[in-house]
Amino acid sequence: MTPGERAAAAIVVEDATKVIDGVTVLDGVSFSALPGRVTAFVGPNGAGKTTTLRAILGIDHLTSGRATVGGRPFAEHRQPVRVAGALLTPDAAHPRRTARGHLSVVAASNDLPGSSVDAALELVGIAGIAALPVGQMSLGMRQRLALGTALIGDPAVLILDEPHNGLDAGAIRWLRVVLRALADGGRTVLLSTHLMAEIEAFCDEVVVIDQGRIAMAGPLGHFIGGASMEERYLDMVEGG
Amino acid sequence: MRPALRAELLKITTVRGQWLGAAIATLALPAVSLLVAATGGVGAGDTVTSGAATGSIAGLLAFGIWAATVAAGEYAQQTMIVSLMTVPRRSVLYGAKLAAIGMMAAGGALVSAVTAWLVVWAVLPTGAHHTGEPFALVSVVLAIVAVSVLGMAVGLLSKSPAASASIVVVAVLLPKAAAGLLGGLERWVVGASPGTVITQAVGGAQLPHSQMFPGGAAAAALTMLLVATAVALGGAVTLLRRDG
């Protein structure tokens, strides 16, 4: 992807509404994530974060509204993993397939060269256990594999749902450095997490969702003011 | 479409249980036919071709269950999430799955049918049976592909390997088992069921007139393929519309 294409890529969610069995789980959600910025997407459990991320990726359908990646619905891209890489769960690889086998399937699905598999394994630090079945990997290793799946196409956009789960302190710092570097390189990073300290450490923007509605969206500095991220966040979602 | 198809084939070949399942399914038909021929189960009126097809129900069940469990396993193992993230155009994903399952089933069925014919020909006493029309074993390939496509669609519809495998077993065995309850529909339902389509095509075995499909073996095979296509379309529509 050229720098021009990378700059154009961004996530835009417009008036997204999702009703499941009569329950409105997303209610007119609108926000955007910009190139070169790490956008933290936060909210209590059940607020609608994962549903929103799945809708952006076309995994779940919106009842109304629209979500685009790089100016069009994600499904309309010819090589989607080059446009956006996503981590939604560390358990989305077949337990009996090896890490290399899993990434080979992903690479084949988007016509990526075989070298991209080795590069992804190296990047997330699991090249040494590439021949191990996924079912025999620890949660942290599976999380790294899921990150490798997201990064294999060198995408312009990264969508990560709680990528810190299962990572040890060293891996959390590694992820922070990697994501910051990717954003500084012009990529769009949208990150759902409950780790307020991580948000303060390297995120640029914050989008707060609560009960299916956007409670706040803007630069991190404006959001927290002189307080801590945790204080401001809890003030917002718990009313003090 | 081609990268997605390559990925679907790679999914099967990178999980031992899945390619082993296809291999076992390929062996099921010739193994049962060999057993029948070796134990004198091929009747005097049978040909080598109809003798080779005696194990076809085993082949139909094995391939159908394999296809159903492979497809439903995408949901059971949660790998559907990655499939939809990497091939988000669902029509392409579904088409690739259909083509991968269909190609593997067709290839396996062809090997099955040819192996079964050669094995039965080798086992039966020389000159005791006519060879029949080996080309009629194409019906075995068609029936196995139809049941595999049905299994795949049902697997994606139900999301459950156990439920979809059970549905395949019912679809293959129930028409004949419930023939007496079908009344005037018997020749249409049983006649177009996969096992009976093969029996009509290869001849030899005794098939009650009430189970002969109107219009003959070709019409029965065409109807079976139309039913499989309809179920496959149902699977496609469901995948296009459902979440996840």
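Note that the structure is a prediction, hence the values are computed from the model and not measured. Chain identifiers are assigned alphabetically (A, B, ...) following the order of the sequence lines, protein sequences preceding nucleic acid strands; residue numbering begins at 1 within each chain.
Proximity to chain B involves both the backbone and the side chain of A:A86, based on heavy atoms less than 4.5 angstrom apart.
Looking only at heavy-atom pairs under 4.5 Å with chain A, the residue among B:A76, B:A7, B:A96 that has the most is B:A7. Taking A:G101, A:A55, A:P80 one by one and counting their heavy-atom pairs under 4.5 Å with chain B, the maximum is reached by A:P80.
No donor-acceptor distance shorter than 3.5 angstrom exists from the side chain of A:T39 to the backbone of A:L190, with no hydrogens or angles considered.
By the 4.5 Å heavy-atom criterion applied to side chains, A:L195 and A:I199 are not counted as neighbours.
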Show your working on side chain to side chain contact (heavy atoms under 4.5 Å, CB included) between B:M152 and B:V70 and close with a plain yes or no. CA-CA 7 Å; B:M152 187 213 80; B:V70 165; over 6 Å; no

Verify side chain to side chain contact (heavy atoms under 4.5 Å, CB included) between A:I56 and A:F74, making sure each step is shown before the conclusion. CA-CA 7 Å; A:I56 291 169; A:F74 181 61; 5.8 Å; no

For side chain to side chain contact (heavy atoms under 4.5 Å, CB included), just list the numbers for A:W174 and A:V124, CA-CA rounded to whole Å, side-chain angles, deciding distance to a tenth of an Å, and then say yes or no. CA-CA 9 Å; A:W174 165 82; A:V124 297; 4.0 Å; yes

Evaluate B:L9 against B:M104 for side chain to side chain contact (heavy atoms under 4.5 Å, CB included), listing each step before the verdict. CA-CA 8 Å; B:L9 291 171; B:M104 289 203 65; 3.9 Å; yes

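For the atom pair CG (A:L139) and CG (A:L167), the distance works out to 7.5 Å, reported to the nearest 0.5 Å.
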Distance-only criterion, 3.5 Å: which donor-acceptor pairs connect chain A and chain B?
| unit_1 | atom_1 | unit_2 | atom_2 | d |
| --- | --- | --- | --- | --- |
| A:K18 | NZ | B:D243 | OD1 | 3.2 |
| A:K18 | NZ | B:D243 | OD2 | 2.4 |
| A:G58 | O | B:R90 | NH2 | 2.9 |
| A:I59 | O | B:R90 | NH2 | 2.6 |
| A:I59 | O | B:G244 | N | 2.6 |
| A:D60 | OD1 | B:G244 | N | 3.3 |
| A:H61 | N | B:D243 | OD1 | 2.7 |
| A:H61 | NE2 | B:L240 | O | 3.1 |
| A:H61 | NE2 | B:R242 | O | 3.2 |
| A:A75 | O | B:R89 | NE | 3.4 |
| A:E76 | O | B:R89 | NH2 | 3.2 |
| A:R97 | NE | B:T14 | OG1 | 2.8 |
| A:R97 | NH2 | B:K11 | O | 2.8 |
| A:N110 | ND2 | B:T86 | O | 2.8 |
| A:D111 | OD1 | B:R6 | NH2 | 2.7 |

